[in-house]
Undergrad: 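This structure is in structure tokens; I'll ask about it shortly.
Below, read A as the first sequence line, B as the second, and so on, with proteins coming before strands; counting in each chain starts at 1.
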2 protein chains.
Amino acid sequence: MSDKTDAKASSSKAGTGTGVELGFTPLYLQVRQKMLDKIIAGTWQPGTALPSEQQLALQMGVSQGTLRKALDALASDRVIVRHQGRGTFVAEHDQRRTLFQFFKIASDSDGRMPPETLFCQVAERAAESEESQALQLAGDKVWHIHRHRALRGRVLLLEDIMVDRDRFPALDDRVPLPNNIYELYERHFAITVAHARERLKAISANEKQAELLGCDVGHALLQIERTATALNGSPIEFRRTLCLTDHYHYSSDLR
Amino acid sequence: MSDKTDAKASSSKAGTGTGVELGFTPLYLQVRQKMLDKIIAGTWQPGTALPSEQQLALQMGVSQGTLRKALDALASDRVIVRHQGRGTFVAEHDQRRTLFQFFKIASDSDGRMPPETLFCQVAERAAESEESQALQLAGDKVWHIHRHRALRGRVLLLEDIMVDRDRFPALDDRVPLPNNIYELYERHFAITVAHARERLKAISANEKQAELLGCDVGHALLQIERTATALNGSPIEFRRTLCLTDHYHYSSDLR
DNA sequence: AAGTGGTCTAGACCACTTA
DNA sequence: AAGTGGTCTAGACCACTTA
């Protein structure tokens with residue numbers, strides 16, 4: 001490769017890459033970034049296999065050990081999935097992954113199950129300032145997706161999902177939206193949600209919410225605000241979910 | 001070392017260790033377990049430095065690379081902390097770590113701050129069945145710690161903490177408890193909390209809770225139930241926290 | 001049998017901290 | 001200057017999957 005370099009040179013090379021001399025970027029992180037760029041650009045599509053470690057090491061001009069450290073980092077971020085004996089694959093938002101990684105509601109007695117959509121509406125509207133800030137909008141329009149979601153046939157979740165209209169052209173042509181909306185982002189808009197930050201509060205149901213959820217006005221609800229970000233760290237989605245948690249709970253692991 | 005072994009032998013050796021032939025335990029995981037055992041046993045105390053990688057590799061009879069993989073695993077579980085140029089240390093529950101790892105409440109406007117204890121009561125009582133199950137109690141008694149905790153001088157958190165009486169002898173002699181209770185577990189009872197699972201719900205304040213928190217009866221509160229476990233995976237603490245989230249929220253990262 | 005990722009080694013050199 | 005953890009290499013062999 002033309003950009004092959006030895007370990008000693010990698011330090012200054014990393015510095016010139018950004019134009020800022022911020023100490024030192026190890027070779028394996030440079031390799032990680034190169035591979036991540038290919039995934040972001042779509043050169044390597046979700047679900048497809050990467051070249052073998054031997055081939056990648058040759059392509060990148062590094063040892064297998066260094067290449068593996070780069071793959072280790074991507075795997076720990078769940079950007080890729082490795083299977084001994086089979087190969088390394090770009091991660092995709094299949095039902096299982098989304099269910100466990102991004103859906104944290106479980107029954108008090110029966111564990112987790114996937115929710116089903118009973119109502120879905122997509123509309124274009126001007127962004128509110130909170131949304132504009134969370135999504136770092138260039139324009140001023142968002143898609144507003146409103147869904148009623150049920151567990152065991154009972155509506156327990158009210159979702160309001162806001163995304164940048166300009167990043168999701170003709171989203172309204174995709175109605176009815178698939179149950180797993182992150183799969184839609186990935187397949188039709190080439191945007192992969194990498195992680196999310198959620199803020200939880202307890203609030204009281206207003207009249208409309210009480211009617212939709214079949215509870216009393218003033219009933220305690222769990223409000224979950226989520227900002228979801230893409231592989232490159234840019235915010236993709238702002239979401240507010242209200243959940244009736246009488247027989248369900250939100251599960252969080254602290255490690 | 002007398003138990004030095006080469007890579008080829010490690011597979012069958014791992015099998016005989018447990019008496020069950022469950023495939024294969026790599027050498028670095030065996031080394032990881034050995035070091036974890038020393039930390040659990042207190043041979044290596046929280047806050048102290050481990051021997052250098054070179055020395056450890058010699059002691060364990062493995063290469064530095066394998067030794068580092070074991071340390072990597074312990075570091076990713078936050079059991080140890082490494083500092084380039086200084087050394088490797090057994091993690092301890094200092095204020096900072098507990099604040100960020102186990103305290104997830106933050107102000108809507110000003111980020112996180114440590115809570116202060118305004119009231120604390122310790123009592124011994126019979127365990128309820130839910131507690132007995134969560135803590136896998138051998139006996140039937142628990143310590144019940146009740147605390148009122150404030151942020152910016154205002155009581156926002158009501159905590160009920162239950163621990164096995166037999167694992168915390170004479171806990172009531174430690175009153176007043178320190179602000180950081182996991183530091184107490186670690187220093188005086190040699191129990192390190194490694195991780196926790198939390199279950200969140202929205203509930204309505206009853207009369208007593210409303211009085212303590214200075215809100216109306218029926219006001220929505222965030223209930224957080226936590227089961228905290230030790231380094232060896234055994235449950236240590238069952239805790240129920242009620243939080244007034246009008247100007248605060250619970251923060252959760254999904255990766 | 002061939003190909004994949006996973007483990008392990010021995011050694012070199014680098015970045016960082018402390019004295 | 002000496003000691004620490006961090007990076008990188010080249011090569012060997014192992015566990016697992018697929019054909």
Undergrad: I'd like to know if A/Asp253 and A/Lys104 make a salt bridge, using a cut-off of under 4.0 Å between side-chain N and carboxylate O.
TA: no
Undergrad: Can you tell me how far C1' of C/dC8 sits from CE of B/Met60, to the nearest Å?
TA: 16 Å
Undergrad: Is the ring centre of A/Tyr250 less than 6.0 Å from the ring centre of B/Tyr250?
TA: no
Undergrad: Among D/dC8, C/dT9, D/dG6, which nucleotide sits nearest the side chain of A/Ser63?
TA: D/dC8
Undergrad: Select from B/Gln64 and B/Leu67 the residue whose nearest nucleotide in DNA chain C is closer to the 5' end of that strand.
TA: B/Leu67
Undergrad: Working note: A/Val62 + A/Tyr28, criterion side-chain contact (heavy atoms from CB on, under 4.5 Å); need CA distance, chi angles, decisive distance, verdict.
TA: CA-CA 9 Å; A/Val62 299; A/Tyr28 77 91; over 6 Å; no
Undergrad: Nearest nucleotide by nearest heavy atom, which residue falls closer to the 5' end of DNA chain D, A/Arg86 or A/Leu29?
TA: A/Leu29
Undergrad: Distance from B/His188 atom NE2 to B/Glu183 atom CD, nearest 0.5 Å?
TA: 9.0 Å
Undergrad: Examine D/dT9: is either OP1 or OP2 under 4.0 Å from a nitrogen or oxygen in the side chain of A/Thr66? Give yes or no.
TA: yes
Undergrad: Rounded to whole Å, how long is the line connecting atom CZ of A/Phe89 with atom C1' of C/dG3?
TA: 12 Å
Undergrad: Rounded to whole angstrom units, what separation is found between the CG atom of A/Leu56 and the C1' atom of C/dT4?
TA: 12 Å
Undergrad: Give the nucleotide from the list D/dT7, D/dC16, C/dT7 with an atom nearest to the side chain of A/Gln84.
TA: D/dC16
Undergrad: Check the distance between C/dG6's P and A/Asp72's CG and give it to me in whole angstrom.
TA: 8 Å
Undergrad: Can you check the B/Leu50 CG to D/dG3 P distance for me, whole Å?
TA: 19 Å
Undergrad: Looking at the side chain of B/Glu53, which of D/dG6, D/dT7, C/dG6 is the nearest nucleotide?
TA: D/dG6
Undergrad: What's the closest nucleotide to the B/Leu27 side chain, out of C/dG5, C/dT4, C/dT9?
TA: C/dT9
Undergrad: Please determine, for the side chain of B/Pro26, which listed nucleotide (D/dT7, D/dG5, C/dC8) has the closest atom?
TA: C/dC8
Undergrad: Rounded to whole Å, please give me the gap between OH in A/Tyr28 and P in C/dC13.
TA: 21 Å
Undergrad: Do any side-chain nitrogens or oxygens of B/Arg68 fall under 4.0 Å of OP1 or OP2 in D/dG5?
TA: no
Undergrad: For A/Val193 and A/Thr98, run side-chain contact (heavy atoms from CB on, under 4.5 Å): C-alpha distance rounded to whole Å, both residues' side-chain angles, the deciding distance at 0.1 Å, then the answer.
TA: CA-CA 10 Å; A/Val193 171; A/Thr98 302; over 6 Å; no
Undergrad: Just one of B/Asp37, B/Ile39, B/Ile191 clears the side chain to side chain contact (heavy atoms under 4.5 Å, CB included) bar with B/Leu231, so which one?
TA: B/Ile39
Undergrad: So, is B/Ser52 close to the D/dG3 phosphate, meaning a side-chain N or O under 4.0 Å from OP1 or OP2?
TA: no
Undergrad: After noting the C-alpha distance and the side-chain angles of A/Arg82 and A/Glu53, does the key distance pass the side-chain contact (heavy atoms from CB on, under 4.5 Å) rule?
TA: CA-CA 11 Å; A/Arg82 294 150 109 188; A/Glu53 293 183 358; 3.5 Å; yes
Undergrad: Quick one: B/His83 NE2 to C/dA15 C1', roughly how many Å, whole number?
TA: 16 Å
Undergrad: Which nucleotide in the set D/dA15, D/dG5, D/dT9 lies at the smallest distance from any side-chain heavy atom of A/Val62?
TA: D/dT9
Undergrad: From the options D/dT4, C/dG5, C/dT9, select the nucleotide whose nearest atom is closest to the side chain of B/Gln55.
TA: D/dT4
Undergrad: Whole angstrom is fine here: how far is it from CZ in B/Phe24 over to P in C/dG5?
TA: 17 Å
Undergrad: Over 60° means perpendicular and under 30° means parallel, so tell me whether B/Phe102 and B/His93 are parallel, tilted or perpendicular.
TA: tilted
Undergrad: May I ask you to verify if any side-chain N or O of A/Lys69 is less than 4.0 angstrom from the OP1 or OP2 atom of D/dT7?
TA: yes
Undergrad: As a check on the pairing definition, encode DNA chain C in dot-bracket form, counting Watson-Crick and G-U wobble pairs whose two distances are under 3.5 Å, and using | for partners outside this strand.
TA: ||||||||||||||||||.
